[in-house]
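Counting starts at 1 for both ligands and their atoms, in listed order. Reckoned from all heavy atoms, side chains included, excluding hydrogens, waters and symmetry mates.
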Amino acid sequence: MNKIDKLFGLKNRTIIVGGGAGQIGFSFCRILAEAGATILIADVDVEMAQQKLSTVETDALRNRIHVFPLDVTKKRDVLDFFRRAGETYGPLYGLINCFHFKGNTRKLDTSSNFFAPLEEYPEEAWNMVHDVNLKGSFLMTQSAIPYLEQNGGGVIVNISSTYGNVSANKHVYGDSGINSPVAYGTSKAALINFTRYVATHVADKNIRANCLSPGGVFNNQSDEFIANYTKLTPLGRMASADDYQGAILFLMSDASAYMTGANLNVDGGWTAW
Ligand SMILES: NC(=O)c1ccc[n+]([C@@H]2O[C@H](COP(=O)([O-])OP(=O)(O)OC[C@H]3O[C@@H](n4cnc5c(N)ncnc54)[C@H](O)[C@@H]3O)[C@@H](O)[C@H]2O)c1
(Lines give C-alpha, C1' and ligand atoms only; values in the text may rest on other atoms or scores of the structure.)
Protein backbone atom coordinates (compact mmCIF):
# COMPACT_ATOMS: atom_id res chain seq x y z
CA MET A 1 0.00 0.00 0.00
CA ASN A 2 1.42 3.42 -0.87
CA LYS A 3 1.84 6.11 1.78
CA ILE A 4 -1.13 8.17 0.60
CA ASP A 5 -3.50 5.16 0.81
CA LYS A 6 -2.08 4.31 4.21
CA LEU A 7 -2.74 7.83 5.50
CA PHE A 8 -6.09 8.58 3.86
CA GLY A 9 -7.55 5.19 2.88
CA LEU A 10 -10.74 4.03 4.60
CA LYS A 11 -11.23 0.65 2.95
CA ASN A 12 -13.45 -1.71 5.00
CA ARG A 13 -14.18 0.95 7.61
CA THR A 14 -17.82 1.60 8.46
CA ILE A 15 -18.69 5.22 9.20
CA ILE A 16 -22.05 6.53 10.43
CA VAL A 17 -22.99 9.97 9.15
CA GLY A 18 -25.79 11.44 11.27
CA GLY A 19 -27.47 14.11 9.13
CA GLY A 20 -25.92 12.52 6.04
CA ALA A 21 -28.84 13.59 3.83
CA GLY A 22 -27.87 17.25 4.28
CA GLN A 23 -25.84 19.56 2.08
CA ILE A 24 -22.52 19.06 3.90
CA GLY A 25 -23.38 15.59 5.23
CA PHE A 26 -23.92 14.04 1.81
CA SER A 27 -20.75 15.63 0.46
CA PHE A 28 -18.93 13.89 3.34
CA CYS A 29 -20.59 10.58 2.44
CA ARG A 30 -19.35 10.83 -1.13
CA ILE A 31 -15.70 11.52 -0.36
CA LEU A 32 -15.50 8.98 2.45
CA ALA A 33 -17.08 6.32 0.22
CA GLU A 34 -14.57 7.24 -2.49
CA ALA A 35 -11.81 6.60 0.06
CA GLY A 36 -13.28 3.09 0.45
CA ALA A 37 -15.50 3.44 3.54
CA THR A 38 -18.92 1.86 3.99
CA ILE A 39 -21.27 4.71 4.88
CA LEU A 40 -24.42 4.50 6.97
CA ILE A 41 -26.53 7.64 6.67
CA ALA A 42 -28.75 8.14 9.72
CA ASP A 43 -31.23 10.94 9.05
CA VAL A 44 -34.89 11.86 9.61
CA ASP A 45 -35.18 12.77 5.93
CA VAL A 46 -34.79 9.40 4.22
CA GLU A 47 -36.41 10.64 1.04
CA MET A 48 -33.75 13.35 0.65
CA ALA A 49 -30.99 10.83 1.34
CA GLN A 50 -32.35 8.44 -1.31
CA GLN A 51 -32.75 11.27 -3.81
CA LYS A 52 -29.11 12.32 -3.35
CA LEU A 53 -27.94 8.73 -3.44
CA SER A 54 -29.63 8.30 -6.82
CA THR A 55 -27.35 11.06 -8.22
CA VAL A 56 -24.18 9.12 -7.39
CA GLU A 57 -22.71 8.09 -10.73
CA THR A 58 -21.27 4.64 -10.19
CA ASP A 59 -22.81 1.47 -8.73
CA ALA A 60 -19.60 0.80 -6.85
CA LEU A 61 -19.85 4.08 -4.95
CA ARG A 62 -23.64 3.96 -4.53
CA ASN A 63 -23.46 0.44 -3.10
CA ARG A 64 -21.14 1.63 -0.35
CA ILE A 65 -23.75 4.11 0.98
CA HIS A 66 -26.75 2.86 2.98
CA VAL A 67 -29.65 4.87 4.36
CA PHE A 68 -31.35 4.46 7.75
CA PRO A 69 -34.23 6.53 9.12
CA LEU A 70 -33.33 7.97 12.51
CA ASP A 71 -34.36 10.81 14.76
CA VAL A 72 -31.22 11.42 16.81
CA THR A 73 -33.20 12.91 19.71
CA LYS A 74 -34.89 9.57 20.52
CA LYS A 75 -32.62 7.51 22.74
CA ARG A 76 -34.40 4.20 22.18
CA ASP A 77 -34.27 4.67 18.39
CA VAL A 78 -30.59 5.62 18.54
CA LEU A 79 -29.75 2.48 20.54
CA ASP A 80 -31.78 0.35 18.17
CA PHE A 81 -30.05 1.90 15.15
CA PHE A 82 -26.59 1.12 16.54
CA ARG A 83 -27.62 -2.46 17.33
CA ARG A 84 -28.83 -2.99 13.73
CA ALA A 85 -25.85 -1.14 12.24
CA GLY A 86 -23.42 -3.16 14.34
CA GLU A 87 -25.08 -6.48 13.42
CA THR A 88 -25.24 -5.80 9.69
CA TYR A 89 -22.26 -3.56 8.96
CA GLY A 90 -20.01 -4.02 12.00
CA PRO A 91 -17.38 -3.54 13.19
CA LEU A 92 -18.05 0.19 13.36
CA TYR A 93 -15.11 2.54 12.89
CA GLY A 94 -16.43 6.10 12.83
CA LEU A 95 -19.22 8.54 13.65
CA ILE A 96 -19.88 12.02 12.27
CA ASN A 97 -22.55 14.16 13.95
CA CYS A 98 -23.58 16.46 11.09
CA PHE A 99 -27.24 17.25 11.80
CA HIS A 100 -28.83 20.43 13.05
CA PHE A 101 -32.28 21.82 13.61
CA LYS A 102 -33.15 24.83 11.48
CA GLY A 103 -36.94 24.96 11.78
CA ASN A 104 -37.53 23.07 8.54
CA THR A 105 -35.21 20.22 7.50
CA ARG A 106 -35.44 21.12 3.80
CA LYS A 107 -35.08 24.91 3.57
CA LEU A 108 -34.43 28.14 5.41
CA ASP A 109 -38.02 29.03 6.31
CA THR A 110 -38.11 32.62 7.54
CA SER A 111 -41.55 32.10 9.07
CA SER A 112 -40.11 29.52 11.48
CA ASN A 113 -39.71 30.67 15.10
CA PHE A 114 -36.19 29.20 14.87
CA PHE A 115 -35.16 32.59 13.43
CA ALA A 116 -36.70 34.74 16.19
CA PRO A 117 -34.55 37.55 17.65
CA LEU A 118 -32.86 37.11 21.04
CA GLU A 119 -35.38 39.20 22.99
CA GLU A 120 -38.28 37.07 21.75
CA TYR A 121 -36.55 33.73 21.32
CA PRO A 122 -39.18 31.07 22.16
CA GLU A 123 -38.42 28.40 24.72
CA GLU A 124 -39.67 25.64 22.37
CA ALA A 125 -37.22 26.67 19.65
CA TRP A 126 -34.39 26.89 22.20
CA ASN A 127 -35.22 23.38 23.45
CA MET A 128 -35.60 21.91 19.98
CA VAL A 129 -32.26 23.32 18.73
CA HIS A 130 -30.37 22.00 21.77
CA ASP A 131 -32.25 18.70 21.62
CA VAL A 132 -31.11 17.99 18.07
CA ASN A 133 -27.70 19.70 17.91
CA LEU A 134 -26.39 18.89 21.37
CA LYS A 135 -28.44 16.08 22.90
CA GLY A 136 -28.50 14.28 19.54
CA SER A 137 -24.69 14.42 19.34
CA PHE A 138 -24.46 13.21 22.94
CA LEU A 139 -26.82 10.26 22.36
CA MET A 140 -25.10 9.25 19.12
CA THR A 141 -21.65 9.50 20.71
CA GLN A 142 -22.62 7.65 23.87
CA SER A 143 -24.19 4.84 21.83
CA ALA A 144 -21.24 4.64 19.43
CA ILE A 145 -18.50 4.28 22.05
CA PRO A 146 -19.01 0.56 22.91
CA TYR A 147 -19.08 -0.34 19.18
CA LEU A 148 -15.93 1.65 18.42
CA GLU A 149 -14.27 0.07 21.45
CA GLN A 150 -15.20 -3.41 20.16
CA ASN A 151 -13.48 -2.42 16.90
CA GLY A 152 -10.28 -1.68 18.83
CA GLY A 153 -10.83 2.07 18.51
CA GLY A 154 -12.28 4.62 16.12
CA VAL A 155 -12.96 8.23 15.29
CA ILE A 156 -15.74 10.68 16.18
CA VAL A 157 -16.17 14.06 14.48
CA ASN A 158 -18.69 16.64 15.61
CA ILE A 159 -19.68 19.39 13.22
CA SER A 160 -19.76 22.77 14.91
CA SER A 161 -19.66 26.11 13.06
CA THR A 162 -17.88 29.46 12.90
CA TYR A 163 -20.78 30.52 15.13
CA GLY A 164 -19.70 28.04 17.78
CA ASN A 165 -16.40 29.96 17.92
CA VAL A 166 -17.50 33.58 17.56
CA SER A 167 -20.84 35.35 17.75
CA ALA A 168 -23.06 35.45 14.70
CA ASN A 169 -22.49 38.76 12.94
CA LYS A 170 -25.88 40.49 12.74
CA HIS A 171 -24.68 42.89 10.03
CA VAL A 172 -24.60 40.05 7.50
CA TYR A 173 -28.31 39.38 7.44
CA GLY A 174 -29.87 42.74 6.48
CA ASP A 175 -33.60 42.42 5.77
CA SER A 176 -33.37 38.80 4.65
CA GLY A 177 -35.50 37.51 7.54
CA ILE A 178 -32.90 34.87 8.26
CA ASN A 179 -30.35 35.42 10.97
CA SER A 180 -28.28 33.03 12.99
CA PRO A 181 -30.27 32.57 16.19
CA VAL A 182 -28.90 32.50 19.72
CA ALA A 183 -29.65 28.79 20.24
CA TYR A 184 -27.63 27.82 17.18
CA GLY A 185 -24.46 29.50 18.50
CA THR A 186 -24.85 28.20 22.04
CA SER A 187 -25.43 24.62 20.89
CA LYS A 188 -22.48 24.78 18.47
CA ALA A 189 -20.14 26.27 21.11
CA ALA A 190 -21.15 23.51 23.52
CA LEU A 191 -20.30 20.90 20.89
CA ILE A 192 -16.69 22.10 20.81
CA ASN A 193 -16.23 21.52 24.54
CA PHE A 194 -18.32 18.33 24.41
CA THR A 195 -15.75 17.11 21.88
CA ARG A 196 -12.88 17.89 24.26
CA TYR A 197 -14.64 16.03 27.05
CA VAL A 198 -15.23 12.97 24.88
CA ALA A 199 -11.65 13.05 23.55
CA THR A 200 -10.10 13.09 26.99
CA HIS A 201 -12.43 10.45 28.42
CA VAL A 202 -12.19 7.82 25.67
CA ALA A 203 -8.58 8.25 24.55
CA ASP A 204 -7.73 5.15 26.59
CA LYS A 205 -10.11 3.16 24.37
CA ASN A 206 -8.15 4.30 21.31
CA ILE A 207 -11.06 6.52 20.23
CA ARG A 208 -10.26 10.00 18.89
CA ALA A 209 -12.79 12.85 18.88
CA ASN A 210 -12.41 16.12 17.00
CA CYS A 211 -14.58 18.98 15.89
CA LEU A 212 -14.85 20.59 12.46
CA SER A 213 -16.12 24.18 12.34
CA PRO A 214 -17.22 25.11 8.83
CA GLY A 215 -18.10 28.55 7.51
CA GLY A 216 -21.18 29.44 5.46
CA VAL A 217 -22.10 27.35 2.43
CA PHE A 218 -23.62 28.95 -0.66
CA ASN A 219 -27.26 27.87 -0.78
CA ASN A 220 -29.06 30.38 -3.00
CA GLN A 221 -29.14 33.05 -0.29
CA SER A 222 -30.10 36.61 -1.25
CA ASP A 223 -27.60 38.73 -3.19
CA GLU A 224 -27.36 41.08 -0.20
CA PHE A 225 -26.47 38.22 2.15
CA ILE A 226 -23.90 36.79 -0.23
CA ALA A 227 -22.25 40.19 -0.74
CA ASN A 228 -22.12 40.86 3.01
CA TYR A 229 -20.82 37.39 3.82
CA THR A 230 -18.19 37.55 1.12
CA LYS A 231 -16.93 40.93 2.33
CA LEU A 232 -16.33 39.47 5.80
CA THR A 233 -14.53 36.39 4.49
CA PRO A 234 -10.80 36.87 3.86
CA LEU A 235 -10.85 34.34 1.00
CA GLY A 236 -13.61 36.44 -0.60
CA ARG A 237 -16.29 33.81 -1.25
CA MET A 238 -18.81 31.53 0.43
CA ALA A 239 -17.98 27.84 0.66
CA SER A 240 -19.36 25.02 -1.41
CA ALA A 241 -20.25 21.88 0.56
CA ASP A 242 -17.35 20.10 -1.16
CA ASP A 243 -14.88 22.59 0.35
CA TYR A 244 -15.03 20.47 3.52
CA GLN A 245 -14.26 17.12 1.90
CA GLY A 246 -10.50 17.42 2.44
CA ALA A 247 -10.95 18.29 6.10
CA ILE A 248 -13.32 15.41 6.83
CA LEU A 249 -11.10 12.92 5.01
CA PHE A 250 -8.17 14.13 7.11
CA LEU A 251 -10.12 13.94 10.37
CA MET A 252 -11.66 10.51 9.70
CA SER A 253 -8.48 8.84 8.47
CA ASP A 254 -5.12 7.87 9.93
CA ALA A 255 -3.74 11.14 8.52
CA SER A 256 -4.95 12.72 11.79
CA ALA A 257 -3.83 9.82 14.01
CA TYR A 258 -2.14 12.13 16.53
CA MET A 259 -5.05 14.59 16.75
CA THR A 260 -7.78 14.48 19.35
CA GLY A 261 -9.83 17.07 21.27
CA ALA A 262 -9.12 19.64 18.55
CA ASN A 263 -11.38 22.04 16.72
CA LEU A 264 -10.51 22.59 13.07
CA ASN A 265 -11.77 25.89 11.62
CA VAL A 266 -12.30 25.69 7.87
CA ASP A 267 -14.06 28.95 7.15
CA GLY A 268 -12.23 30.95 4.48
CA GLY A 269 -10.66 32.95 7.32
CA TRP A 270 -13.98 34.17 8.83
CA THR A 271 -12.75 33.71 12.42
CA ALA A 272 -9.25 35.08 11.71
CA TRP A 273 -9.95 38.85 11.75
N1 LIG B 1 -24.41 24.99 5.70
C2 LIG B 1 -23.67 25.90 6.36
O3 LIG B 1 -23.51 27.04 5.92
C4 LIG B 1 -23.02 25.51 7.66
C5 LIG B 1 -22.08 26.38 8.21
C6 LIG B 1 -21.47 26.02 9.40
C7 LIG B 1 -21.83 24.85 10.04
N8 LIG B 1 -22.75 24.03 9.48
C9 LIG B 1 -23.09 22.78 10.19
O10 LIG B 1 -22.86 21.69 9.33
C11 LIG B 1 -23.80 20.67 9.60
C12 LIG B 1 -24.50 20.29 8.30
O13 LIG B 1 -25.09 21.45 7.74
P14 LIG B 1 -25.90 21.39 6.38
O15 LIG B 1 -25.84 22.72 5.78
O16 LIG B 1 -25.47 20.21 5.61
O17 LIG B 1 -27.35 21.19 6.94
P18 LIG B 1 -28.65 20.59 6.22
O19 LIG B 1 -29.80 21.31 6.83
O20 LIG B 1 -28.50 20.57 4.75
O21 LIG B 1 -28.62 19.08 6.75
C22 LIG B 1 -28.92 18.76 8.09
C23 LIG B 1 -29.43 17.35 8.10
O24 LIG B 1 -29.78 17.01 9.45
C25 LIG B 1 -30.96 16.22 9.39
N26 LIG B 1 -31.65 16.27 10.67
C27 LIG B 1 -32.32 17.32 11.23
N28 LIG B 1 -32.87 16.93 12.39
C29 LIG B 1 -32.55 15.62 12.60
C30 LIG B 1 -32.82 14.67 13.61
N31 LIG B 1 -33.57 14.98 14.68
N32 LIG B 1 -32.34 13.40 13.48
C33 LIG B 1 -31.58 13.07 12.38
N34 LIG B 1 -31.29 13.93 11.38
C35 LIG B 1 -31.76 15.20 11.49
C36 LIG B 1 -31.79 16.86 8.27
O37 LIG B 1 -32.79 15.98 7.79
C38 LIG B 1 -30.70 17.16 7.24
O39 LIG B 1 -30.52 16.09 6.33
C40 LIG B 1 -24.75 21.21 10.66
O41 LIG B 1 -24.36 20.74 11.91
C42 LIG B 1 -24.56 22.71 10.57
O43 LIG B 1 -24.80 23.34 11.80
C44 LIG B 1 -23.35 24.33 8.30
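- With hydrogens and angles disregarded, a donor-acceptor distance shorter than 3.5 Å links the side chain of N165 to the backbone of S161.
- Crowding of Q50 atom CD: a count of heavy atoms from other residues, nucleotides or ligands under 6.0 Å exceeding 12.
- When non-hydrogen atoms are compared, ligand 1 lies under 4.0 Å from the backbone of L70 (N, CA, C, O) but not from its side chain.
- Relative ring orientation between Y184 and H100 is described as perpendicular, the plane-to-plane angle rising above 60° on a 0-90° scale split at 30° and 60°.
- The protein heavy atom nearest to atom 3 (O) of ligand 1 is V217 N, 2.8 Å.
- Residue contact annotation: G18 has no non-hydrogen atom under 4.0 Å from ligand 1.
- The backbone of S160, and not its side chain, has at least one atom closer than 4.0 Å to an atom of ligand 1 (non-hydrogen atoms only; backbone = N, CA, C, O).
- For atom 39 (O) of ligand 1, the nearest protein heavy atom (residue, atom name, distance) is D43 OD2, 2.7 Å.
- Remark: the backbone N or O of L61 is paired with a side-chain donor or acceptor of T58 at under 3.5 angstrom.
- Ligand 1 lies within reach of K102, whose nearest heavy atom is under 4.0 Å from it.
- When only interatomic distances are considered, the shortest N/O to N/O separation between V72 and ligand 1 falls below 3.5 Å.
- For K188, the closest heavy-atom approach to ligand 1 falls below 4.0 Å.
- Heavy atoms of M48 found under 4.0 angstrom from ligand 1: none, in either backbone or side chain.
- When heavy-atom distances to ligand 1 are checked against a 4.0 Å cut-off, Y163 has no atom that comes that close, whether in backbone or side chain.
- Residue-ligand proximity, A21 to ligand 1, at heavy-atom distances under 4.0 Å covers atoms 39 (O).
- Annotation: atom 26 (N) of ligand 1 to nearest protein heavy atom, V44 CG2, 3.7 Å.
- Between W270, F99, F218, Y184, it is Y184 that holds the heavy atom closest to atom 42 (C) of ligand 1.
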